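To start, the structure itself, in structure tokens.
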Amino acid sequence: MTEDRLHRDHLPGGIDAPVMPTAVGIVHLGIGAFHRAHQAVYTERAAIATGDTTWGILGVTQRSATVRDQLRPQGGVYSVLTAGEQESSVELIGSVVDVAYPAEETERVLATIAAPTTHVVTLTITEKGYARRPDGSLDADAVRGDLEALAAGAGGAAGVVAGGAAGAEGGVVAEGEVQPAASAIGLLVRGLAARAASGAPITVLTCDNMVDNGRVLERLVREAADAALPGPEGDTLRAFLDQSVTFPCSMVDRIVPATTPEQRDQVEQTLGVRDEGLVVGEPFAQWVIEDRFAGPRPAWEAAGATLTKDVAPFEQAKLRLLNGTHSLVAYAGWLAGHSTIAGGVTDPEIAERARQYLFEDALPTLTAPEGLDLRQYGEQILARFANPHTGHTTAQVAMDGTQKIPFRWGGVLADSLAAGREPEGVAFGLAAWAEFVRRRTRSGEGVDDPRAAELEALVGAAEVPGGSDGLGDVEGLAGIEEDFRALLALPGLLPPGTPESFVDAVASEIDMVIG
């Protein structure tokens with residue numbers, strides 16, 4: 001600990017002190033910026049509202065030790081900069097006790113999931129973290145190492161409980177013989193297997209942007225359990241899942257852009273100490289949770305969360321209106337040279353197509369949740385995207401298109417076609433995505449997508465007359481259309497039965513997206 005760095009035992013004056021958890025009650029898989037600016041904030045505010053400090057969070061970072069190395073030297077404490085158009089504020093968050101890195105601390109994570117003081121596991125691992133094949137089933141190859149470890153007993157209760165659970169002091173459990181986890185789903189299943197020995201109920205709450213996300217996760221967990229332990233040796237785990245584990249659905253919303261060096265400097269001036277764990281969020285935040293818990297939970301409703309019997313209407317509105325528009329603006333904005341979503345949505349041509357998608361394509365496919373005016377919600381979305389302080393980049397939102405498009409645009413497309421409407425905004429968005437993939441692939445820059453190799457093969461298979469970029473003449477435009485049609489034929493991208501006439505409509509947008 002140094003005097004010039006934020007720490008739980010070295011807090012700045014002039015700002016409200018963070019919560020000091022007395023126990024770990026939550027294990028969170030995928031502790032990136034979004035969780036720290038969203039669920040951890042709700043947990044913090046719930047503790048403040050109720051005085052219940054038993055809901056400390058052990059965060060688990062998936063791909064690297066970066067977040068652990070940011071927060072552990074600070075005792076888990078970090079700050080959230082809420083950046084609005086007119087004003088900003090800084091809040092200290094203490095609900096995160098520590099962060100574990102599975103490559104080095106798998107045993108600790110398994111022990112904490114198994115511990116009787118832990119009642120909830122939450123996840124923000126992004127769509128691609130769910131190890132699904134295009135048909136939605138578990139990609140067993142992607143979690144093979146964890147399934148083999150479970151089958152061999154490396155994730156069983158006897159191997160982890162003796163090591164002790166994580167306490168509020170954040171000590172690290174020695175690894176021993178436990179095989180490091182290689183996937184979030186595999187780590188979760190191994191943790192549930194460890195807990196099954198005691199039978200203590202636990203809730204697994206996914207907070208990722210997927211339709212019916214809790215049911216999706218439950219199905220994958222059960223498929224993984226059956227793959228690892230297909231015979232009688234898996235009966236204990238299956239019975240535990242049946243009787244003592246619930247997988248509620250949820251819907252989350254807050255724009256959380258990447259933190260900039262300038263923002264770190266700004267907050268350092270405010271706090272008087274350096275915070276390497278700073279995250280930034282917009283003023284708006286929403287969390288809708290299916291009220292289906294296996295045991296105790298934080299009083300998140302005291303912090304503004306909505307507990308409901310049915311998340312689906314909220315989820316659909318958010319995915320189709322907010323997330324769908326986000327993707328359209330990202331692809332079209334990137335093609336037009338805008339580095340940020342704010343720049344893209346304030347471009348008049350892109351704004352016109354965004355409004356077309358929002359109000360002509362997506363909104364008619366939705367049933368409004370009680371108390372939510374969908375048209376007002378849509379206008380609010382456009383205003384939020386235009387907030388220049390969020391800094392959400394078009395390239396960041398454009399990542400993982402093959403995982404996002406079926407959920408964000410697929411339902412709008414299917415429902416519109418079923419109602420006899422051809423959604424022109426969706427056609428424009430798909431054209432922008434195809435041109436984004438085509439341009440990045442042909443330039444050699446590539447795309448950040450779990451199916452990147454397939455996309456690159458589809459683009460590379462098309463011969464492009466008229467130059468390497470395919471622009472400038474009739475033959476070149478024909479080459480672009482060939483690329484578009486090849487990309488749209490990617491299995492799982494469009495809803496089954498999408499007519500060729502709609503593919504023609506996407507191809508007709510070529511002139512609009514190539515600039």
Side-chain angles (χ1 to χ4, degrees), residues 255 316-366 374-388 390 392-399 401 404-417 419 421-440 471 477 480-481 483-485 487-488 493-495 498 501-515:
I255 298 175
Q316 288 284 66
K318 194 254 185 173
L319 280 170
R320 296 188 180 189
L321 297 179
L322 187 141
N323 295 125
T325 305
H326 218 196
S327 288
L328 184 149
V329 173
Y331 295 120
W334 187 89
L335 293 173
H338 299 292
S339 62
T340 67
I341 293 294
V345 80
T346 53
D347 181 313
E349 292 185 4
I350 297 173
E352 181 180 356
R353 300 311 293 264
R355 297 184 72 86
Q356 179 185 50
Y357 168 79
L358 266 172
F359 300 117
E360 297 177 24
D361 293 358
L363 192 148
T365 70
L366 295 168
L374 291 180
R375 180 162 290 275
Q376 183 181 47
Y377 180 61
E379 295 289 356
Q380 185 182 43
I381 287 167
L382 296 175
R384 290 168 59 197
F385 287 173
N387 179 358
T390 60
H392 225 167
T393 68
T394 51
Q396 179 186 10
V397 179
M399 292 169 54
K404 296 174 179 177
I405 286 171
F407 298 101
R408 299 183 178 191
W409 296 339
V412 174
L413 174 57
D415 289 351
S416 297
L417 292 173
R421 299 188 304 269
E422 191 166 84
E424 296 180 17
V426 175
F428 172 78
L430 284 164
W433 168 77
E435 175 62 7
F436 170 81
V437 172
R438 189 196 72 84
R439 195 175 298 183
R440 301 259 305 201
L471 302 177
L477 292 176
I480 296 174
E481 182 173 342
D483 279 346
F484 275 31
R485 292 183 181 275
L487 289 167
L488 292 173
L493 184 74
L494 300 183
T498 298
S501 61
F502 180 75
V503 178
D504 293 341
V506 177
S508 72
E509 296 282 358
I510 287 176
D511 286 340
M512 293 297 297
V513 299
I514 65 174

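Predicted, not measured: the structure shown is a model, and the values here were computed from it. For reference, positions follow the sequence shown, starting with 1.
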TODO: Walk me through it: do Leu493 and Trp433 pass the test side chain to side chain contact (heavy atoms under 4.5 Å, CB included)?
DONE: CA-CA 12 Å; Leu493 184 74; Trp433 168 77; 3.5 Å; yes

Open item on the list: Distance check, rounded to the nearest 0.5 Å: Leu487 atom CG versus Leu430 atom CG?
Closed with: 10.5 Å

- [ ] Measure the shortest side-chain to side-chain distance between Thr394 and Val329 over non-hydrogen atoms and say whether it is less than 4.5 angstrom.
- [x] no

Task: Spatial distance of atom CG (Leu363) from atom CZ (Phe359) [nearest 0.5 Å] - done: 7.0 Å

Open item on the list: Donor-acceptor pair, distance only, cut-off 3.5 Å: does the side chain of Thr498 make one with the backbone of Pro495?
Closed with: yes

Open item on the list: My understanding is that only one of Phe428, Tyr331, Phe436 makes a side chain to side chain contact (heavy atoms under 4.5 Å, CB included) with Val513; could you say which?
Closed with: Phe428

Open item on the list: Using only atom types and a distance under 3.5 Å, with no angle test, would you say the side chain of Ser327 pairs donor to acceptor with the backbone of Gly324?
Closed with: no

Open item on the list: Check for me whether Arg438 meets the cation-pi criterion with Phe484, that is, NZ or CZ under 6.0 Å from the six-membered ring centre and within 45 degrees of the ring axis.
Closed with: no

Task: Nearest-0.5 Å distance that lies between atom CG in Leu366 and atom CG in Leu374 - done: 6.0 Å

Task: Main-chain N/O of Arg408 paired to Asn323 side chain as donor or acceptor, under 3.5 Å - done: no

Open item on the list: Keeping Thr325 on the side-chain end and Leu321 on the backbone end, is there a donor-acceptor pair under 3.5 Å?
Closed with: yes

Task: Flag side-chain contact, heavy atom, 4.5 Å: Tyr357 against Pro423 - done: no

TODO: Working to the nearest 0.5 Å, report the span between CD1 of Ile381 and NZ of Lys318.
DONE: 9.5 Å

TODO: With sequence neighbours excluded, give me every salt bridge (charged side-chain N to carboxylate O under 4.0 Å, His left out) pair touching residues 324-336.
DONE: none

Open item on the list: Taking salt bridge (Lys or Arg N to Asp or Glu O under 4.0 Å) as the definition, give me every residue that meets it alongside Arg440, ordered by chain and number, with sequence neighbours left out.
Closed with: Glu445

TODO: Heavy atoms only: give me the nearest Arg421-Thr365 pair and the separation to one decimal.
DONE: NH2-CG2, 3.8 Å

Open item on the list: What's the separation between atom CG in Leu322 and atom CD1 in Ile255, rounded to the nearest 0.5 Å?
Closed with: 6.5 Å

Open item on the list: My understanding is that only residues two or more places apart in sequence, or in another chain, count here; which of them pass ring pair (Phe, Tyr, Trp, His ring centres under 6.0 Å) with Phe385?
Closed with: His326

- [ ] Would you give the length of the straight line joining atom CZ of Arg384 to atom CG of Asn387, rounded to the nearest 0.5 angstrom?
- [x] 10.0 Å

Task: CD (Glu352) with more than 12 external heavy atoms under 6.0 Å - done: no

Open item on the list: Using modelled atom types and a 3.5 Å cut-off, is there a donor and acceptor pairing between side-chain atoms of Lys404 and backbone atoms of Val397?
Closed with: yes

TODO: Carefully, step by step, assess Arg375 and Gln380 under the rule side chain to side chain contact (heavy atoms under 4.5 Å, CB included).
DONE: CA-CA 9 Å; Arg375 180 162 290 275; Gln380 185 182 43; over 6 Å; no

Please list, one pair per line, the donor and acceptor atoms closer than 3.5 Å that link side chains of residues 337-346 to other protein atoms, with sequence neighbours excluded.
unit_1: His338; atom_1: NE2; unit_2: Asp347; atom_2: OD2; d: 2.9
unit_1: Thr340; atom_1: OG1; unit_2: Gly343; atom_2: N; d: 3.0
unit_1: Thr346; atom_1: OG1; unit_2: Ala342; atom_2: O; d: 2.7
unit_1: Thr346; atom_1: OG1; unit_2: Gly343; atom_2: O; d: 3.2

Task: Contact list for residues 502-515, test side chain to side chain donor-acceptor pair (under 3.5 Å), sequence neighbours left out - done: Arg353-Glu509, Arg485-Asp504

Open item on the list: Does any part of the side chain of Glu422, heavy atoms only, come nearer than 4.5 Å to the side chain of Ser416, both counted from C-beta?
Closed with: no

- [ ] Return each pair, listed once, that meets salt bridge (charged side-chain N to carboxylate O under 4.0 Å, His left out) where at least one residue sits in residues 319-342; pairs must be two or more places apart or across chains.
- [x] Arg320-Asp415

TODO: Would you check if Gln356 and Glu424 make a side-chain contact, meaning some heavy-atom pair closer than 4.5 Å?
DONE: yes

